[in-house]
J.: 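The structure's right below; bear with me while I get my questions together.
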Amino acid sequence: MTLSHHSPSSDIIMRINGLSHSLTIDNRTTLLDVLRERLGLTGTKKGCDHGQCGACTVLVDGERVNSCLMLAVTAEEREIVSIEGVAALSDGGELHPVQRAFLDHDGLQCGYCTPGQICSAIGALGEAGRGWPSHVTEDTATGVAEASALDAREVRERMSGNLCRCGAYNGIVEAVLEAAGARGVQDPATAGGAR
């Protein structure tokens, strides 16, 4: 008896940055590898490949996800936004307010972690806008009133899953705080195209 080493594959349709992609993929392939290797969307970075650094963070139906831990087949027919599609989430303009704030507050140095930091910040602000508490929220039953109510302590906690080897944390916190009060920031989880 010979055992087959053939891995099953699936034909799926993925919606990434507003475009549909029909793909045949190995069922074990991660969303990160589909983005980078199959679709050439290399803005999403491969850091630890274990879900510990946040460099691969993307938005799936408006929620931040470590794409190295998500199997691509589970993302079928869901709205995926990588760093390449973030600007389209804003109301006009060329950059999303979070991207602009990262530039204005020098929230980047080498830039490797920046795509994941930006996607995570957008997701975190959306969570806060929906009242979700964090570990440091005073009243976890009530949550937070809105994203603009966040303080530096809340931002640090909410962004703690994203590491920066350059240590640009102060700029990142300031950028997220500025973006929290920005007008025209659309929560991708409640936007018209997302579920």
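Computed over heavy atoms, backbone and side chain alike; hydrogens, waters and symmetry mates excluded.
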J.: Going by the side-chain hydrogen bond (donor to acceptor under 3.5 Å, both in side chains) test, which pairs reach into residues 97-113, not counting sequence neighbours?
T.: His105-Glu178
J.: Who are the side-chain hydrogen bond (donor to acceptor under 3.5 Å, both in side chains) partners of Ser82, not counting sequence neighbours?
T.: Asn17, Glu84
J.: About how many Å separate CD of Glu37 and OG1 of Thr30, when rounded to the nearest 0.5 Å?
T.: 9.0 Å
J.: Ignoring hydrogens, what is the shortest heavy-atom contact between Leu150 and Leu125? Give both atom names and the distance.
T.: CD1-CD2, 3.9 Å
J.: Report the residues that fulfil side-chain hydrogen bond (donor to acceptor under 3.5 Å, both in side chains) with Thr74, sequence neighbours left out, ordered by chain and then residue number.
T.: none
J.: List the atom pairs, with distances to 0.1 Å, where a side-chain N or O of residues 156-167 and a protein N or O form a donor-acceptor pair under 3.5 Å, not counting sequence neighbours.
T.:
residue	atom	partner	partner atom	Å
Arg158	NE	Glu154	OE1	2.9
Arg158	NH1	Trp132	O	3.3
Arg158	NH2	Trp132	O	2.7
Arg158	NH2	Glu154	OE1	3.3
Ser160	OG	Glu157	O	2.8
Asn162	OD1	Ser120	OG	2.9
Asn162	ND2	Gly54	O	3.0
Asn162	ND2	Gly116	O	3.2

J.: Output the distance between atom CG (Asp151) and atom CG (Leu177), rounded to the nearest 0.5 Å.
T.: 7.5 Å
J.: Could you go through Leu89 and Leu59, starting from their C-alpha distance and side-chain angles, then the distance that decides it, and tell me whether this counts as side chain to side chain contact (heavy atoms under 4.5 Å, CB included)?
T.: CA-CA 11 Å; Leu89 296 176; Leu59 300 167; 3.9 Å; yes
J.: Step by step, work out the side chain to side chain contact (heavy atoms under 4.5 Å, CB included) result for Val86 and Val98.
T.: CA-CA 9 Å; Val86 162; Val98 172; over 6 Å; no
J.: Got a sec: does the CG of Asn27 have more than 12 other heavy atoms crowding it under 6.0 Å?
T.: yes
J.: State the CG-CD distance between Asp61 and Glu79, to the nearest 0.5 angstrom.
T.: 7.0 Å
J.: Of all residues at least two apart in sequence or in a different chain, which pass the side-chain contact (heavy atoms from CB on, under 4.5 Å) check with Ser20?
T.: Ile13, Arg15
J.: What's the separation between atom SG in Cys56 and atom CD1 in Ile83, rounded to the nearest 0.5 Å?
T.: 13.0 Å
J.: Of all residues at least two apart in sequence or in a different chain, which pass the side-chain contact (heavy atoms from CB on, under 4.5 Å) check with Asp11?
T.: Thr24
J.: With sequence neighbours left out, which residue pairs that include part of residues 40-53 fulfil the side-chain hydrogen bond (donor to acceptor under 3.5 Å, both in side chains) condition?
T.: Asp33-Lys46
J.: Could you identify which residues cluster with Ile12, counting Ile, Leu, Val, Met, Phe, Trp and Tyr as linked when any side-chain heavy atoms lie under 4.5 Å apart, either directly or through a chain of such contacts?
T.: Met14, Ile16, Leu23, Ile25, Leu31, Val34, Leu35, Leu39, Leu41, Val58, Val60, Val65, Met70, Leu71, Val73, Ile80
J.: Let me confirm one number: the NE2-CG distance from His96 to Asp91, rounded to the nearest 0.5 Å.
T.: 8.5 Å
J.: Could I get the full list of side-chain hydrogen bond (donor to acceptor under 3.5 Å, both in side chains) partners for Ser22, not counting sequence neighbours?
T.: none
J.: Could you list the residues that satisfy side-chain hydrogen bond (donor to acceptor under 3.5 Å, both in side chains) with Glu174, not counting sequence neighbours?
T.: none
J.: Can you pull the salt bridge (Lys or Arg N to Asp or Glu O under 4.0 Å) pairs that have at least one residue in residues 117-126, sequence neighbours excluded?
T.: none
J.: For Arg153, give me all partners under salt bridge (charged side-chain N to carboxylate O under 4.0 Å, His left out), at least two apart in sequence or on another chain.
T.: Glu138
J.: For the OG atom of Ser67 and the CG atom of Leu69, what is their distance to the nearest 0.5 Å?
T.: 8.5 Å
